[in-house]
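Remember, it's a predicted structure, so these values are computed and weren't measured experimentally. All values below were derived from every heavy atom in this structure, side-chain atoms included, with hydrogens, water molecules and symmetry-related copies excluded. We're numbering straight along the sequence, starting at 1.
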Amino acid sequence: MEFFGMTVSNEINLGNILTICSIVPGFFWWLYTNQRQLKRQKMKDAESGSLRVILGILRELNGKPIKITELKQKYNSPQLASTRKAYCGFDFYLHDINEFEKSVYALDWEGKIDFVGTQHIKFRFDTTEEQLKIEEQRLAEEKARRELEQLRMSQDEKRMSAIYEATPKDIKIALDSLSSAISNKDINDWEVEKIAKTAMLMNKQEATIIVRSALNSENSIIKNRALAIIGRLMSQY
């Protein structure tokens with residue numbers, strides 16, 4: 001068959017038809033899967049952006065807790081439309097409360113928020129300053145405890161002086177008795193503790209040296225006795 005001077009065959013090439021039939025569905029499948037992947041990525045980016053929007057709202061509250069439902073209303077408000085578009089790529093809403101709570105839990109997993117009760121959350125700020133305050137409070141309490149202990153010891157020493165005015169010789173005898181008794185197995189622990197308390201009232205510094213020396217002893221019995229003395233004295237203050 002001639003057409004404008006060209007010979008056109010009337011035969012149908014089955015191979016070409018099969019090739020077209022295999023290529024066309026493959027192309028449409030690729031187009032479909034590619035569009036679906038792009039849509040999924042778009043939603044994933046939008047969800048990630050919504051987290052940043054929520055964090056921005058919480059940060060502006062400066063640590064003040066807010067109810068989750070109220071936070072959802074703020075997120076979906078018309079005033080934040082431009083912010084949602086900037087972070088999400090389009091005006092991405094979170095109307096469903098379950099979806100919104102999913103975002104809240106994601107922020108909690110990232111360590112960006114704190115729950116205050118069951119229905120309120122707040123932005124989690126750097127805890128360095130808070131930790132410093134806690135440490136300062138702990139040191140202040142420790143200092144107050146030591147000052148109180150010193151005051152009580154001083155009062156005990158004053159009471160001891162009012163009852164009995166120890167001479168340097170008396171102090172030496174008391175310290176020697178403590179040094180001897182603390183390593184003497186024949187003297188029971190209760191008697192040793194009374195001797196230790198008396199020696200502490202007469203000369204706390206020297207008596208402490210004796211007890212600490214016993215505490216570092218290689219003899220486990222002497223070491224345990226020293227620990228018992230320290231524990232009994234500390235429990236009284």
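- Between Arg225 and Asn184, the closest heavy-atom pair is NH1-O, 2.7 Å.
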Next item on the list: Starting from the C-alpha separation in whole Å, work towards a yes-or-no answer on side-chain contact (heavy atoms from CB on, under 4.5 Å) for Phe115 and Val104.
Entry: CA-CA 10 Å; Phe115 274 87; Val104 170; 3.9 Å; yes

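- Considering all non-hydrogen atoms of both residues, Ile229 and Ala196 come closest at CG2-CB, 3.6 Å.
- Looking only at side-chain heavy atoms (C-beta outward), Arg124 and Lys112 stay at 4.5 Å or farther from each other.
- With 3.5 Å as the limit, one finds a donor-acceptor pair spanning the side chains of Tyr93 and Arg84.
- For the atom pair OH (Tyr105) and CD1 (Ile113), the distance works out to 9.5 Å, reported to the nearest 0.5 Å.
- With hydrophobic clusters built from ILVMFWY side chains whose heavy atoms lie under 4.5 angstrom apart, Met43 shares a cluster with Leu51.
- For the pair Phe100/Ile54, a side-chain contact is recorded, criterion being any heavy-atom separation below 4.5 Å from C-beta on.
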Next item on the list: Run the numbers on Ile121 and Val116 for side-chain contact (heavy atoms from CB on, under 4.5 Å), then give the verdict.
Entry: CA-CA 5 Å; Ile121 60 175; Val116 183; over 6 Å; no

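- Going from atom CG of Leu201 over to atom CD1 of Ile171 covers 11.0 Å, rounded to the nearest 0.5 Å.
- For the atom pair CG of Leu107 and OG of Ser50, the computed distance is 8.0 Å after rounding to the nearest 0.5 Å.
- In this structure, the side chain of Ser77 engages the main chain of Lys74 through a donor-acceptor pair within 3.5 Å.
- Counting heavy atoms from C-beta outward, Ser103 and Leu94 have side chains that approach closer than 4.5 Å.
- By the 6.0 Å contact criterion, CD on Gln205 is open, its count of non-hydrogen atoms from other residues, nucleotides or ligands being 12 or less.
- At a threshold of 4.5 Å between side-chain heavy atoms, the hydrophobic network of Ile, Leu, Val, Met, Phe, Trp and Tyr places Ile173 and Leu178 in two separate groups.
- One finds the CG atom of Asn219 at 5.5 Å from the CD1 atom of Ile221 (value rounded to the nearest 0.5 Å).
- Using a 4.5 Å cut-off on side-chain heavy atoms (C-beta onward), Lys72 and Ile68 make no contact.
- Under a hydrophobic clustering in which Ile, Leu, Val, Met, Phe, Trp and Tyr are joined whenever their side-chain heavy atoms come within less than 4.5 Å, directly or via other members, Leu227 and Val211 fall into the same cluster.
- Note that Lys42 lies in the cation-pi zone of Phe90, set by a 6.0 Å cut-off to the ring centre and a 45° limit from the axis.
- A salt bridge between Lys85 and Asp91 is absent, with no side-chain N of the basic residue lying under 4.0 Å from a carboxylate O of the acidic one.
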Next item on the list: Verify side-chain contact (heavy atoms from CB on, under 4.5 Å) between Leu71 and Lys67, making sure each step is shown before the conclusion.
Entry: CA-CA 6 Å; Leu71 178 62; Lys67 196 171 184 179; over 6 Å; no

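- Closest heavy-atom contact between Val192 and Ile182: CG1-CA, 4.0 Å.
- When all heavy atoms are compared, the tightest approach of Cys88 to Gly49 is SG-C, 3.7 Å.
- The shortest distance between side-chain heavy atoms of Asp114 and Phe123 does not fall below 4.5 Å.
- Note on Ile209: it does not cluster hydrophobically with Ile222, by side-chain heavy-atom contacts below 4.5 Å among ILVMFWY residues.
- Atoms CG and CG, from Asn203 and Leu175 in turn, are 5.5 Å apart once rounded to the nearest 0.5 Å.
- Salt-bridge formation is not detected for the pair Glu60/Lys122: no Lys NZ or Arg NE/NH1/NH2 atom is positioned less than 4.0 Å from an Asp or Glu carboxylate oxygen.
- Looking at Glu191 and Lys194, a side-chain N of the basic residue comes within less than 4.0 Å of a carboxylate O on the acidic one, giving a salt bridge.
- Checking side-chain atoms of Thr208 against main-chain N and O of Lys204 turns up a donor-acceptor pair under 3.5 Å.
- In this structure, Leu80 and Ile57 have side chains that are in contact, with non-hydrogen atoms separated by less than 4.5 Å.
- If you chain together hydrophobic residues whose side chains sit under 4.5 Å apart, Leu61 and Tyr75 fall into the same group.
- Under the 3.5 Å distance criterion, with hydrogens and angles disregarded, a donor-acceptor pair is assigned to the side chains of Thr167 and Asp170.
- The structure places CZ of Arg52 at 9.0 Å from OH of Tyr87, a figure rounded to the nearest 0.5 Å.
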